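As structure tokens, the structure follows; a few thoughts come after it.
This is a predicted model, so every value here is computed, not measured. We count residues from 1, following the sequence as given.
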Amino acid sequence: MKATLLPPPPPAKRRRGPRVAVLALFLCSLLVPLAFLFDRSQSGYVTTDERRRQEVVLPEFHHVEKADGDGTVNGLNQDAPKKTPKVNSGGLQKHKQTDRHTSRISTKPKVLPSPKVDPSEAVKESTQGTREVSKVRKRLDKGTNTDEVENEKACQLEFGSYCLWSREHKVVMKDSIVKRLKDQLFVARSYYPSIAKLEGQEELTVLMKQNIQDHERVLSVSTVDADLPSFINKKMEQMEQTIARAKSCTVDCRNVDRKLRQILDMTEDEAHFHMKQSAFLYNLGAQTLPKSHHCLSMRLTLEYFKFSSLGSNDSSARKFSAAHGRHYVILSKNILAASVVINSTVNSSKDPKKIIFHILTDAQNFYAMKYWFDKKSYREAAVHVVNYEDIIKEKLTKFNVRHLYLSEEFRVLVRSTEQPAGKTRMEYLSLFSHSHFFIPEIFKDLNKVVVLDDDVVVQRDLSFLWSLAMGDKVNGAIEFCGLRLGQVRNLLGSTTVDTKSCAWMSGINVINLDKWRKHKVTENYLLLLKKFLTKDETSLRAAAFPLSLLSFQHLIYPLDERLILSGLGYDYAIDEDVARSSAALHYNGNMKPWLELGIPSYRRYWKRFLTRDDKFMDECNIIP
């Protein structure tokens with residue numbers, strides 16, 4: 001019987017599926033953290049209260065015109081993102097009234113024309129009670145050269161107010177010597193291959209190799225200067241002498257140049273990466289509400305439903321629609337911020353009995369706000385908490401903007417036309433949001449209100465605002481002539497504008513609701529809104545910039561610029577004497593006073609009116 005040899009079976013094919021899956025998982029593990037790091041979108045702990053503080057990039061602005069000596073705009077972003085012109089201190093020249101030219105409004109869709117009315121001469125008389133303050137500002141222009149100015153411009157264009165914050169919070173380097181060691185090591189490695197090829201330089205080659213190994217050994221166990229051995233200065237001096245000898249030799253410059261350019265590129269990339277990372281964390285801190293504030297809101301909401309019978313007394317309820325009262329409107333989602341605005345206004349008022357506050361808030365914070373203000377007393381002033389979203393949903397169904405938006409802030413970089421190479425000035429311009437345009441519909445029984453932003457502190461009596469003779473004007477506001485409509489014409493759509501008209505700011509605004517309704521400002525706003533593409537929330541919020549400027553064109557009554565001091569949320573150079581003597585303070589910018597990022601020297605003005613001795617604040621660890 002013959003034995004037959006069967007051919008061996010073919011080797012089993014190795015399956016590539018598991019290897020591909022493992023490779024995919026490995027790549028994901030590398031990319032996911034990077035995606036999180038560089039993602040600028042709202043994430044995690046960002047609350048609805050602070051979403052308006054983000055810096056939303058507006059359409060790119062190329063064309064720049066002269067602004068009659070006031071400056072030109074170098075960049076324009078919406079900020080952060082929750083706002084502004086300097087109004088009673090240096091940096092801005094006092095503007096002169098310019099002749100207003102009637103603006104032609106383009107049709108399709110048709111926008112109702114705004115009347116041309118000359119500003120009233122009573123503006124100076126109405127603010128005689130405000131204290132004259134110095135317009136001198138401390139500026140940080142000591143010894144700045146052209147390179148430093150350009151670097152600052154580039155930093156502010158990309159990272160905004162983070163550049164100012166980082167400059168004021170420089171951390172002492174704990175590894176400066178370690179970095180010098182790394183620089184020496186890299187330079188020595190750049191020269192070593194060329195030196196090793198030279199004839200007659202064997203001793204220098206051995207010495208350089210020994211120094212490189214010594215540096216590598218020290219750096220392997222040292223991350224900060226405190227870890228370095230005591231003899232490190234001697235090692236650094238030896239390396240310097242070795243590098244100097246290497247530089248005196250004739251070597252292939254191309255190889256050394258390539259190595260040195262490599263270290264330059266690596267250093268620049270590393271510096272930009274850390275700058276971007278730090279700016280991201282800074283903006284995250286500016287956009288998020290502290291955990292203690294979340295705790296307070298939740299505790300108050302719980303208490304409201306535990307004691308649902310709590311409510312405003314009848315006498316206060318009757319005051320809410322009293323036409324003879326002094327009505328203030330505050331849009332806010334921050335309990336403590338709104339409380340400080342009310343406290344400061346009431347304590348500065350000579351007759352708080354006539355004051356009625358209307359707080360417009362969203363459904364999420366309504367119950368907490370209502371419980372807080374119902375159980376607090378504000379020197380006989382009445383506080384009316386309104387659920388904005390419920391009113392829009394139930395009574396004003398024709399309006400599509402259902403969510404509450406707070407005042408929008410836009411970061412503006414202004415440079416002088418007389419000195420283009422001079423220092424760029426960054427301003428935060430705050431304007432009305434979409435929700436502000438529905439105030440006349442919500443308060444149909446009122447004919448005049450004062451709108452306050454929730455980052456304002458009032459230090460003087462504002463009763464004179466109710467006696468202003470605004471003529472046919474609608475909005476009494478501080479004008480910001482550092483920015484004129486002609487400079488941002490490409491952001492205003494096809495509507496024809498008065499190029500010399502100044503921008504204006506929110507913060508404290510006197511609104512004549514009767515004239516608002518007469519000129520159909522809300523209707524104009526809705527028609528203009530159709531002309532701007534608003535695909536998502538970001539574009540909707542960015543549209544607040546052109547809509548606010550266009551809707552009130554020729555309808556702004558200029559208030560005395562000494563009424564309010566702005567910039568306390570980003571400008572470290574404000575004179576404290578000016579801040580103490582100002583009628584009102586506006587914390588526009590990213591560094592709000594209720595955040596840890598707030599500028600310490602300015603936070604005390606805000607904390608002075610913060611409610612104390614409240615058990616919920618103690619339980620939530622809110623430290624005044």
Side-chain angles (χ1 to χ4, degrees), residues 49 289-290 292-322 325-388 404 406 449-459 461-462 584 587 592-594 603-624:
D49 179 38
L289 202 62
S292 56
H293 289 232
H294 282 285
C295 170
L296 178 63
S297 180
M298 289 187 290
R299 289 298 308 275
L300 293 174
T301 301
L302 179 62
E303 291 297 315
Y304 175 87
F305 287 103
K306 285 173 63 177
F307 304 99
S308 57
S309 60
L310 182 65
S312 302
N313 56 59
D314 295 337
S315 59
S316 295
R318 287 193 293 269
K319 293 174 66 176
F320 293 155
S321 58
R326 295 171 181 168
H327 296 265
Y328 291 87
V329 177
I330 304 170
L331 280 71
S332 180
K333 303 175 186 177
N334 187 325
I335 297 169
L336 295 183
S339 180
V340 167
V341 176
I342 293 175
N343 262 333
S344 63
T345 305
V346 169
N347 289 333
S348 303
S349 175
K350 297 178 181 178
D351 191 6
K353 293 181 181 180
K354 297 181 179 180
I355 295 180
I356 304 101
F357 293 98
H358 304 272
I359 303 177
L360 297 180
T361 189
D362 60 350
Q364 178 181 339
N365 295 280
F366 170 73
Y367 300 105
M369 285 260 194
K370 186 163 181 59
Y371 182 81
W372 175 271
F373 289 106
D374 282 349
K375 74 184 184 74
K376 299 292 181 183
S377 175
Y378 296 94
R379 294 180 58 194
E380 301 183 78
V383 181
H384 180 208
V385 181
V386 181
N387 189 333
Y388 170 88
L404 177 67
L406 310 183
V449 297
V450 173
V451 179
L452 301 174
D453 284 354
D454 66 353
D455 54 357
V456 166
V457 171
V458 178
Q459 300 186 126
D461 183 27
L462 299 181
Y587 290 83
K592 300 301 179 185
W594 54 83
R603 291 180 70 185
R604 65 172 179 266
Y605 305 116
W606 186 84
K607 289 184 176 181
R608 186 175 54 175
F609 298 103
L610 187 63
T611 301
R612 302 173 188 272
D613 301 325
D614 184 89
K615 68 173 185 177
F616 298 115
M617 291 178 62
D618 294 337
E619 292 174 1
C620 292
N621 197 29
I622 297 177
I623 302 175

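Aromatic ring orientation, H358 versus H384: perpendicular (interplanar angle above 60°, classes split at 30° and 60°). Ring geometry for W594 against W606 counts as tilted: the plane angle lies between 30° and 60°, on a 0 to 90° scale.
Among L462, V451, I356, I342, the single residue meeting the side-chain contact (heavy atoms from CB on, under 4.5 Å) criterion with Y328 is L462.
For Y367 and Y304, the distance between ring centers is under 6.0 angstrom.
One N or O on the side chain of N347 and one on the backbone of N343 form a donor-acceptor pair closer than 3.5 Å. Here the side chain of D453 pairs no donor or acceptor atom with the backbone of V456 at under 3.5 angstrom. In terms of modelled atom types and a separation under 3.5 Å, the side chain of T345 and the main chain of V341 share a donor-acceptor contact. A donor-acceptor pair under 3.5 Å is formed between the side chain of S344 and the backbone N or O of V458. Within the 3.5 Å criterion, the main-chain N or O of H294 finds no donor-acceptor partner in the side chain of S297. Within the 3.5 Å criterion, the main-chain N or O of V346 finds a donor-acceptor partner in the side chain of R379.
For N621, the side-chain contact (heavy atoms from CB on, under 4.5 Å) partners two or more places apart in sequence, or in a different chain, are I623. The side-chain contact (heavy atoms from CB on, under 4.5 Å) test applied to S349 returns P352, I355, D461, not counting sequence neighbours.
The shortest heavy-atom contact between F357 and A381 is CE1-CB, 4.1 Å.
Within the 4.5 Å cutoff, the side chain of Y388 has no heavy atoms near those of the L331 side chain. The side-chain heavy atoms of V385 and T361, taken from C-beta on, include a pair separated by under 4.5 Å.
Geometric assessment of K375 against the ring of W372 yields a positive cation-pi assignment under the 6.0 Å and 45° thresholds.
Taking a cutoff of 4.0 Å between a charged side-chain nitrogen and a carboxylate oxygen, K376 and D614 qualify as a salt bridge. Salt-bridge check for D351 with K354: passed, with a basic side-chain N closer than 4.0 Å to an acidic carboxylate O.
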